[in-house]
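Structure record follows, encoded as structure tokens.
What's counted below: heavy atoms across the whole structure, side chains too, no hydrogens, waters or symmetry copies. Within every chain, numbering begins at 1; the chains are lettered A, B, ... in the order of the sequence lines, protein sequences first and strands thereafter.
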Amino acid sequence: MHRWSQLFIPTLREAPADAEVASHKLLVRAGYIRQLGAGIYSFLFLGNRTTQKIMGIVREEMDKIGQEFYLPALNPRGLWEESGRWSLIGENMFRLKDRKGADLCLGFTHEEVMTDIARKELRSYKQLPQIWYQIQTKFRDEPRPKSGLLRVRQFIMKDAYSFDIDAAGLDVSYAKHHDTYCRIFDRCGLKYMVIDAHSGAMGGSQSQEFTVRTPAGEDLVVSCEKCNYAANMEKATSRLAPVEDLKPEGDGAPLEVHTPGQKTIEDVARFLGVSPKHMLKTLAMMVAGEDVKTGKTEQRALVLLLRGDHQMNEAKLSTAVGGRETRPMREDEMQEFFHSPAGYLGPLGIGWAEDMGVSIKPALLVDEALEGHTNLIGGANKENYHVKHLTPGGNFHPTAYADLRSVTAGEDCPNCGAPLRIDTAVEIGHIFKLGYKYSESMGARVLDRNGKEVAPIMGSYGIGIERILTAAVEQSNDENGFWLPPSIAPFEVVVVSTNSKDEAVRSASEDITRQLEAAGFDVLLDDRDERPGVKFKDADLVGIPFRINVGKKVTEDTVEVVRRSTLEREDVKISAITAYFQKLRPGLP
RNA sequence: CGGGACGUAGCGCAGCCUGGUAGCGCACUUGCUUGGGGUGCAAGGGGUCGCGAGUUCAAAUCUCGCCGUCCCGACCA
């Protein structure tokens, strides 16, 4: 029997001053966690119980599709050099040296280790598919740990890796994970969204994130109220309201107009009496590229055109340039390439590259929203002048069209046309078709049906264990505390003995606890010699979804059941208490 | 890494400007009291004032350096 009086549950009346988000404040106050350093937390009794329950659910569901491994956190440098990530990841990886001076790192994820096992052991398509997973601690030297458990440097992650003989197989493995993740998060009682995600510069064809809406989140999620469209900001698109192009003046040839001192889009639009929608936003960038002949890294000029009222999205730009690094062009570089001051750049009169391949000519990327539009207004590449009648594909020729803009709230859903909303959210899971990146670079090969050597195709799939807890707390809290879904709460029921001096109350509390435990419930008995008010406050704080108040009414065989989420109270006969909770199962809210 | 703030008892804070006995609330210990929403009274315990140098007769307080934590930004396979 779990007696509060014998346990270590250090609740606090006040939250630490440096806690900002609700989950951080409450998990500390409820005695779940204590901070050891920036982004490093200890889990105490209640916190550990909860993460164990979460891991239990994850394990049960993952075991239906895969096999659990236990892998080293300490990894030798060589392995990570093979995949290229030793240098690619940079400062975000914890590195150390052993006594002999050999370089090691602490596992960031486990693609390398899993692929190493695969390449040493897998020989034939007959051994595929394989799904291997682990639930272990990951280390990341985050530049800025923050928000309690949301962004930390050491955390538990369930990560899984699939190996298939072909893309069709990967589709199956991916779908299995998708369904398993839905079951896991359903069982954890979370209200989550599955969103299309940016696959990153690492390649990979498909990727979805499982996210939970909360103001504490760091991801921006675009979602449709009507249909199930949802996507990461880095990936989201929208249907734009039609824009009627400006009518050409005269013969429609490019026409310079004097715009003295008008630099910003808004200034110029107002000055000329047009909407920013008819303006071109011109962004000059430098992009890192490699010279084919010399192999040297060099900078290349890149100009982006967006509609005047649109915002450029860096992740989309990164995708458009194949993951190469970009940065804004400096003023002196603008002079060099365009002989134009900032604020007056435009696409006319410049020899743009014909394709995105290596070329010494600057590239012109035009946002898809501008495709087909005519008579736009942009800079004239000279101070105090803009140009009317600019038409992409007409009087200037883009190197390519690409999706470069960020969606804004209220634009139309690309599926159904209903308005889109934008929320912050916490990422709790991510599934990812990796492709051949690791199997190729690390030399994993199996023989296919025809005896031909091929690289297996991989997927990787992660779940942040603590983030499930954090998201659940963020989702269900008030100023007095929080309540967890029964499936992941440290206890399902707390029995509050309101008067420890009253023998009838005391023994009834014990009986009820014993009964419920016998029926398989996780019960915490608050038998402390405290005033009822103190116990009620603590019970409200610590995340347990149900409370039984045992008080004066024991003489009438009655106790009070309080549902933490709604604070609804209900009198229940002691003799019927087990049946009462059994009826709530398994669909406890 | 850039900008800002903070570091005094377990937690929350005052004291610092203007140098001189380290203080308050909660928590903790003991006794009494109370017993359905952090009960009341009384008596106690607990501090290298983040660390190190310097200035001074004297430093929590002034100066310099370091360390740590938080917030904004950059970053985020």
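A60(B) and U8(B): their P atoms are spaced 15 Å apart (whole Å). Separating the C1' atom of U39(B) from that of U33(B) is a span of 9 Å, rounded to the nearest Å. Distance check on atom P: G73(B) versus U55(B) gives 43 Å, rounded to whole Å. Comparing A9(B) with C64(B), their C1' atoms sit 29 Å apart, to the nearest whole Å. Straight-line distance between the C1' atoms of A27(B) and G19(B): roughly 33 Å, to the nearest whole Å. With P as the reference atom, C75(B) and U18(B) are 42 Å apart, rounded to whole Å. With P as the reference atom, C66(B) and U30(B) are 47 Å apart, rounded to whole Å. When the C1' atom is compared between U61(B) and G23(B), the two are found 15 Å apart, to the nearest whole Å.
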**OP:** Evaluate the criterion ring pair (Phe, Tyr, Trp, His ring centres under 6.0 Å) for residue pair Tyr32(A) and His24(A); output intermediate values, then yes/no.
**Re:** CA-CA 10 Å; Tyr32(A) 277 52; His24(A) 186 197; over 10 Å; no
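In this structure, Lys25(A) atom NZ and U69(B) atom P are separated by 20 Å, rounded to whole Å. Here G10(B) presents its C1' atom at 16 Å from CG of Leu36(A), a figure rounded to the nearest Å. We find that CG of Asp538(A) is positioned 12 Å from P of A27(B), with the value rounded to whole Å. With rounding to whole Å, Phe432(A) atom CZ is found 9 Å from A77(B) atom P. Whole-Å rounding puts the Glu209(A) CD to C76(B) P distance at 14 Å. Rounding to whole angstrom units, CZ of residue Arg564(A) and C1' of G37(B) are separated by 12 Å. Rounded to whole Å, atom C1' of G10(B) lies 17 Å from atom CD1 of Ile9(A). Regarding Lys552(A), its NZ atom lies at a distance of 8 Å from the C1' atom of G35(B), rounded to whole Å.
In the interface, the side chain of Arg547(A) is paired with the base of G37(B) through a donor and an acceptor atom under 3.5 Å apart. Judged by distance alone, with hydrogens and angles left aside, Arg13(A) brings no side-chain donor or acceptor close enough to the base of A27(B) to form a pair under 3.5 Å. With hydrogens and angles ignored, no donor-acceptor pair under 3.5 angstrom links the side chain of Asn499(A) to the base of G36(B). With hydrogens and angles ignored, no donor-acceptor pair closer than 3.5 Å exists between the side chain of Arg29(A) and the base of G12(B). Residue Glu560(A) places a side-chain atom within donor-acceptor reach of the base of G36(B), judged by atom type and a 3.5 Å distance cut-off alone.
A salt bridge is defined here as a Lys NZ or Arg NE, NH1 or NH2 lying under 4.0 Å from an Asp or Glu carboxylate O, and Arg547(A) with Glu560(A) fails to meet this definition. We find that Glu142(A) and Arg151(A) are joined by a salt bridge, their nearest charged nitrogen and carboxylate oxygen being less than 4.0 Å apart. Taking the charged nitrogens against the carboxylate oxygens, Glu234(A) and Lys316(A) have no contact shorter than 4.0 Å, which rules out a salt bridge.
Mapping Leu12(A) and Asn549(A) onto RNA chain B by nearest heavy atom places Leu12(A) at the nucleotide closer to the 5' end. Along RNA chain B, the nucleotide closest to Ala17(A) and the one closest to Glu314(A) are compared, and the more 5′ of them pairs with Ala17(A).
Ala19(A) comes within contact range of no nucleotide atom at all, as no heavy-atom separation falls under 4.0 Å. Lys146(A) comes within contact range of the sugar-phosphate backbone alone, with a heavy-atom separation under 4.0 Å but no base atom that close. Note on Glu111(A): nothing from the nucleic acid sits closer than 4.0 angstrom, heavy atoms only. Residue-level contact check: Ser147(A) touches the backbone only, with heavy atoms under 4.0 Å from sugar-phosphate atoms and none from bases. Counting non-hydrogen atoms under 4.0 angstrom, Pro143(A) reaches a base of the nucleic acid. Base contact: Asp529(A) has a heavy atom under 4.0 Å from a base atom. Looking at heavy-atom distances under 4.0 Å, Asp502(A) makes no contact with the nucleic acid at all.
Distance from the side chain of Gln35(A) is smallest for U69(B) among the nucleotides U69(B), C71(B), G35(B). In the set G36(B), A77(B), G35(B), the nucleotide with an atom closest to the side chain of Arg140(A) is A77(B). Comparing atom distances between the Glu14(A) side chain and each of C11(B), C71(B), U39(B) picks out C11(B) as nearest. Of the candidate nucleotides C76(B), U34(B), C71(B), C76(B) has the atom lying nearest to any side-chain atom of Asn92(A). Among the nucleotides C70(B), G37(B), G35(B), the one closest to any side-chain atom of Asp18(A) is C70(B). Here the nucleotide nearest the side chain of Arg531(A), chosen from C76(B), U39(B), G36(B), is U39(B). Closest contact between the side chain of Ala38(A) and the listed nucleotides G36(B), C70(B), G25(B) involves C70(B). Which of A74(B), G37(B), G38(B) sits closest to the side chain of Phe536(A) comes down to G37(B).
With a cut-off of 3.5 Å on both pairing distances, the Watson-Crick or G-U wobble partner of C1(B) is G73(B). When Watson-Crick and G-U wobble pairs are counted only if both distances are under 3.5 Å, G44(B) pairs with C28(B). U61(B) makes up no base pair with any nucleotide shown, lacking Watson-Crick or G-U wobble contacts both under 3.5 Å. Using the Watson-Crick or G-U wobble rule with both distances under 3.5 Å, C6(B) pairs with G68(B). With both pairing distances under 3.5 Å, G23(B) is matched to C13(B) as a Watson-Crick or G-U wobble pair.
Surrounding CD of Gln67(A) are more than 12 heavy atoms belonging to other residues, nucleotides or ligands, all under 6.0 Å away. Counting non-hydrogen atoms of neighbouring residues, nucleotides and ligands closer than 6.0 angstrom, the CD atom of Glu314(A) reaches no more than 12 such neighbours.
In this structure, a donor-acceptor pair under 3.5 Å is absent between the side chains of Tyr438(A) and Arg119(A).
Under the 6.0 Å cut-off for aromatic ring centres, Phe546(A) and Trp483(A) do not qualify, their centroids lying 6.0 Å or more apart. For Tyr161(A) and Phe432(A), the distance between ring centers is not under 6.0 angstrom.
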